[in-house]
Enquirer: 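Input: one structure, supplied below.
Along the sequence shown, the residues carry numbers beginning at 1. We count ligands from 1, going down the list as the structure has it; atoms in each ligand are counted the same way.
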Amino acid sequence: MCPKRFKVPSSIAQHIESGVCHKSSRAQVTAAAHALKFVPTISISRRIEGRTPRVVTYYATERAFNGTAYECYLCHRTFRTLRALNTHVSSPVHNANEFRCPKCKRKFKLISGFMQHIEREACGIARFQAVGDLTKGLIDLFKKRLTLS
Ligand SMILES: [Zn+2]
Ligand SMILES: [Zn+2]
Ligand SMILES: [Zn+2]
């Protein structure tokens with residue numbers, strides 16, 4: 001069992017997505033959240049049932065140096081060190097949006113982002129009955145992951 005304690009569901013999600021003490025990657029957490037199939041749906045991608053999404057890992061090498069700085073080949077932002085560039089490319093910044101708030105249609109790359117959106121009560125989605133089930137479903141999922149690892 002994970003020794004950490006969490007105040008809000010989104011921090012559990014972020015902790016598991018980080019992969020620090022549980023061998024779950026962001027992609028696995030995302031796939032598991034899609035698999036829960038909530039109504040109204042929060043999934044954007046139309047995935048083939050039962051398939052785990054292809055995990056794309058970006059990794060920059062010395063070749064990213066453009067003469068003055070290390071350049072991200074996806075968004076052309078530049079960084080002073082290769083390490084900084086790699087932190088950038090391995091962050092969710094270039095991942096596609098995976099989830100959408102059924103109420104305000106805001107999009108999120110990670111389920112933790114959507115959970116934070118619910119917690120902030122930004123658009124009133126938190127008042128919907130279905131959201132209680134959603135949060136409960138996600139917490140069950142995360143608890144399972146916390147105990148298994
Ligand atoms: Zn942990
Ligand atoms: Zn970039
Ligand atoms: Zn919303």
Enquirer: With His22, which of Gln28, His15, Arg145 fulfils side chain to side chain donor-acceptor pair (under 3.5 Å)?
Expert: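 It is His15, the one option of Gln28, His15, Arg145 that forms the side chain to side chain donor-acceptor pair (under 3.5 Å) with His22.
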Enquirer: At a cut-off of 2.8 Å, list the protein N/O/S atoms near the Zn ion (ligand 3), residue plus atom name.
Expert: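 You should have found Cys101 SG, Cys104 SG, His117 NE2, Cys123 SG.
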Enquirer: Please list, in chain and residue-number order, the protein N/O/S atoms closer than 2.8 Å to the Zn ion (ligand 2).
Expert: Cys72 SG, Cys75 SG, His88 NE2, His94 NE2
Enquirer: Test your reading of the model: is there a side-chain donor-acceptor pair from Thr41 to the backbone of Lys37, 3.5 Å cut-off?
Expert: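 Here the side-chain-to-backbone pair does not exist.
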Enquirer: Find out whether Lys143 and Ile139 are in side-chain contact, i.e. whether some heavy atom of one side chain is under 4.5 Å from a heavy atom of the other.
Expert: yes
Enquirer: If we ignore hydrogens and angles and just use 3.5 Å, is the side chain of Glu119 paired with the main-chain N or O of Ser10 as donor and acceptor?
Expert: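 Indeed, once roles are kept as given, a pair shorter than 3.5 Å links the two residues.
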Enquirer: Is there a side-chain contact between Arg127 and Glu121 in this structure, where contact means two heavy atoms from C-beta onward sitting under 4.5 Å apart?
Expert: no
Enquirer: Within the 4.5 Å heavy-atom criterion, are Phe114 and Leu134 side-chain neighbours or not?
Expert: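 They are in contact (side-chain heavy atoms under 4.5 Å apart), so the answer is yes.
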Enquirer: Consider only side-chain N and O atoms of Glu98 and Thr30, and report whether a donor and an acceptor are under 3.5 Å apart.
Expert: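 Absent: no donor and acceptor within the cut-off.
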Enquirer: If the Zn ion (ligand 1) is the vertex, what is the angle to SG of Cys2 and SG of Cys21, rounded to 10 degrees?
Expert: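 Value, to the nearest 10 degrees: 140°.
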Enquirer: Give me the ring orientation class for Phe108 and His117: parallel if the planes are under 30° apart, tilted from 30 to 60°, perpendicular past 60°.
Expert: tilted
Enquirer: Indicate yes or no: does Lys144 engage Asp140 in a salt bridge with an N to O separation below 4.0 Å.
Expert: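 So Lys144 does not pair with Asp140 through a salt bridge.
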Enquirer: Is a side-chain N or O of Lys105 found less than 3.5 angstrom from the main chain of Pro102, in a donor-acceptor match?
Expert: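 Yes: the side chain of Lys105 pairs with the backbone of Pro102.
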